[in-house]
S.K.: 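Got a structure here, written out as structure tokens. Questions coming.
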Amino acid sequence: MADHQETLTPRSYAALGDSFTEGLNDPGPDGQFAGWADRLAGLLAARRPDGDFRYANLAVRGRLLDQIIAEQVPQVREIGPDMVTFCAGGNDILRPGSDPDEVAERFEAGVLQLRECTGTVLIATGFDTRGVPVLGLLRGKIATFNGHLRAIADRNDCAVADLWSLRAVHDRRAWSEDRLHLSPEGHQRVALLAARALGLAVDEDPDAPWPAQPVPTPADVRRENLQWARSHLLPWVGRRLRGESSGDRLAAKRPELLPL
């Protein structure tokens, strides 16, 4: 059984993407962000003999799809991992006037490049933004993009982590204070979902119910929404208007395949 498990589990993994894959806002033990990709790497490493698993995380916050393809895909060619996760296009979809059909065409071009230089490619759909302030207005665009992603996965034999159907992330506790990035528990649930998408058995259910908690009053909700808008939404909009990115001048946190 052990030999069969080792055969199925990749010996090396590289994560590509933006802030979602870099791991904002999931503090790691080394002072950097951890995130679902690091957590998935831990699940994979646990299925390999000690020292027989290597991991790279090439993701950088704020990166657009074309930047990820131009900067990170060539790195995959150089390091040659057995498996990659390719989560990109979300920042493009959030931009005013973006066309999910066109974004999907460029996404598939990236998938085709990755299929030439690695064994397994896992992609992820976008989250369902139903009921989310501001981002809820983009729900139709995200759904259209997701439809393309599933077709791309079918055509190119990719695994899919279906974040749209992950009901657990509709709970506020799955998200950090900025409501744009997952909380540590949210990242853990995505890691479990990704592991399942790869065919791995996991001990926990990514969609397990959250513990009961008091329902906030309408006044509490209004107060939280106003605080969020001042502290997080307005600065985010301001960066978009100025053409700035939170990832400007930042490099990947783990650019090489290192033992985990």
S.K.: Looking at residues at least two apart in the chain, or sitting in another chain, which of them share a side chain to side chain donor-acceptor pair (under 3.5 Å) with Arg254?
M.R.: none
S.K.: Could you tell me which residues satisfy ring pair (Phe, Tyr, Trp, His ring centres under 6.0 Å) with Phe107, sequence neighbours excluded, listed by chain and number?
M.R.: Phe86
S.K.: Cation-pi between Arg189 and Trp175: NZ/CZ under 6.0 Å from ring centre and within 45° of the ring axis?
M.R.: no
S.K.: Is any NZ, NE, NH1 or NH2 atom of the basic residue among Arg77 and Glu116 found under 4.0 Å from an Asp or Glu carboxylate oxygen of the other?
M.R.: yes
S.K.: In Å, rounded to the nearest 0.5 Å, how long is the span from CG of Leu24 to CZ of Arg61?
M.R.: 4.5 Å
S.K.: Which residues pass the side chain to side chain donor-acceptor pair (under 3.5 Å) test with His181, sequence neighbours left out?
M.R.: Ser19, Asp178
S.K.: Any chance CZ of Arg173 has more than 12 other-residue heavy atoms, nucleotides or ligands included, within less than 6.0 Å?
M.R.: yes
S.K.: Which Ile, Leu, Val, Met, Phe, Trp or Tyr residues join Leu137 in one cluster when any pair of side-chain heavy atoms under 4.5 Å counts as a link?
M.R.: none
S.K.: Would you say the side chains of Glu22 and Asn57 form a donor-acceptor pair under 3.5 Å?
M.R.: no
S.K.: Closest heavy-atom contact between Leu43 and Ala191?
M.R.: CD1-O, 4.1 Å
S.K.: By the definition side chain to side chain donor-acceptor pair (under 3.5 Å), identify the one residue from Arg39, Gln32, Gln188 that meets it with Asp26.
M.R.: Arg39
S.K.: Going from CD1 on Ile93 to NZ on Lys141, what distance comes out if it is rounded to the nearest 0.5 angstrom?
M.R.: 6.0 Å
S.K.: Filter on side-chain hydrogen bond (donor to acceptor under 3.5 Å, both in side chains), then keep only pairs touching residues 79-90, sequence neighbours left out; what's left?
M.R.: Tyr13-Thr85
S.K.: Is a salt bridge present between Arg106 and Asp92, judged by a nitrogen-to-oxygen distance below 4.0 Å?
M.R.: yes
S.K.: With sequence neighbours left out, write down each residue that passes ring pair (Phe, Tyr, Trp, His ring centres under 6.0 Å) with Trp164, or none if nothing qualifies.
M.R.: none
S.K.: Any salt bridge linking Asp162 with Arg150? Criterion: basic side-chain nitrogen under 4.0 Å from a carboxylate oxygen.
M.R.: yes
